[in-house]
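The basis for the numbers below is simple: all heavy atoms, side chains too, and nothing from hydrogens, waters or symmetry mates. In listed order, ligands and their atoms are each counted from 1.
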Amino acid sequence: MAQHCGYARVAYNAALSSFKSGLDDGNWKTLYDIKKEFNARKRDIFPWCDAMSQNASKNAIHHFSDAVRRWKSGQNRFPVPKNRSGKQSYQADNGQGSVRVHKKRVWLPKVGWIRMCEELRWTGDIGRVVVSRKDDKWFVSILVHTDEENTMVQMSLIDDKPAVGVDVGINTLATCSDGTKYENPRPLKRYLRKLRRAGRMLSRKTRFSSNWHKARKRLASIHYRVSCIRLDSHHKASTAIVRKASAIGIETLNVSGMLKNKKLAKHIADASLSRFLTMIKYKAERRGIPITEAAMFFASSKTCSSCGHKKTELDLSERTYHCGECGFTCDRDVNAAINLCPS
Ligand SMILES: [Zn+2]
């Protein structure tokens with residue numbers, strides 16, 4: 001599988017360089033030209049290519065042509081070469097039905113049967129199959145074309161459930177208008193310390209030495225674990241919220257404002273918050289629960305949920321909201337969640 005990733009990378013880079021040389025000479029090479037050129041040259045640039053599945057190179061060239069299309073339409077910058085240290089992956093299928101899955105096993109062309117950790121949860125025709133490596137673990141992402149009825153999660157009776165507003169934050173992941181809170185997992189703090197330490201170790205090593213590579217792997221591995229813990233807690237909280245609500249109100253995060261933020265840790269937290277909101281949205285959609293998104297600069301924290309009075313200032317350290325107009329007192333995050341609750 002690692003060799004296939006290498007083959008896909010070589011094919012992508014070859015496609016890129018032949019397309020670039022075409023541009024320099026003033027002719028626009030089509031996908032067909034690039035493929036033909038690659039097939040003529042592949043034995044020179046990748047001597048082991050006959051032992052590889054040609055799907056890997058073919059799909060890589062297709063990905064390159066997608067990248068060119070996105071560049072042409074202004075969505076992306078011009079594609080850049082892939083290097084060894086980047087993400088390792090390749091697309092293994094050759095159209096529908098070329099990859100088979102049987103219980104906990106998957107059959108990949110030229111690789112053979114590979115055991116998987118879990119069974120495929122959906123049944124249907126198998127489309128795109130992407131094999132990738134993360135933190136020395138191998139993953140396979142399998143697209144399944146299912147029937148509509150097959151995927152629809154059983155609609156539960158939602159009439160007797162309340163409408164719920166959800167306020168998201170960095171310390172407390174989510175606060176619901178009914179007062180329940182979902183904390184961010186505690187181990188994260190410990191891991192942040194480990195991250196910093198591993199980062200320091202890495203910076204002290206001679207670049208590209210074997211100890212440097214070891215340190216780099218260690219840092220990447222901690223990053224991976226942190227992301228797994230966070231992903232897991234987000235899935236659990238979003239599922240719990242969607243299960244108990246008949247309607248959900250959420251805030252709209254200011255993404256462009258976030259990107260301006262230079263503090264890395266905060267940036268990561270913010271990025272994962274928008275992913276968390278996306279999770280709530282798609283899980284609600286599957287269950288047919290309506291979602292209300294508040295306007296971008298709606299002051300959910302500053303507004304009193306009882307009388308609607310809006311404070312001009314609210315310090316982050318004020319954990320309890322106290323309204324000067326009507327005397328309403330309540331937890332700061334719960335107050336924000338109530339404001340976000342769809343009426
Ligand atoms: Zn008030």
*Asks:* Partners of Y182 by ring-ring contact (aromatic ring centres under 6.0 Å, His included), sequence neighbours excluded?
*Replies:* none
*Asks:* Could you check whether atom CZ of R128 has more than 12 heavy atoms from other residues, nucleotides or ligands sitting under 6.0 Å from it?
*Replies:* no
*Asks:* Restricting to side-chain contact (heavy atoms from CB on, under 4.5 Å), what partner residues turn up for S98, sequence neighbours left out?
*Replies:* D93, N94
*Asks:* Out of V129, V140, I126, which residue meets the side chain to side chain contact (heavy atoms under 4.5 Å, CB included) rule with V101?
*Replies:* I126
*Asks:* By residue and atom, what protein N/O/S atoms are less than 2.8 Å from the Zn ion (ligand 1)?
*Replies:* C304 SG, C307 SG, C323 SG, C326 SG
*Asks:* What's in the same ILVMFWY side-chain cluster as Y12, cut-off under 4.5 Å, chained through other members?
*Replies:* Y7, V10, L16, F19, L23, W28, L31, I34, F38, I45, F46, W48, M52, I61, F64, V68, W71, F78
*Asks:* If I compare all heavy atoms of M1 with all of Y90, which pair ends up nearest, and what's the gap?
*Replies:* O-CE2, 3.9 Å
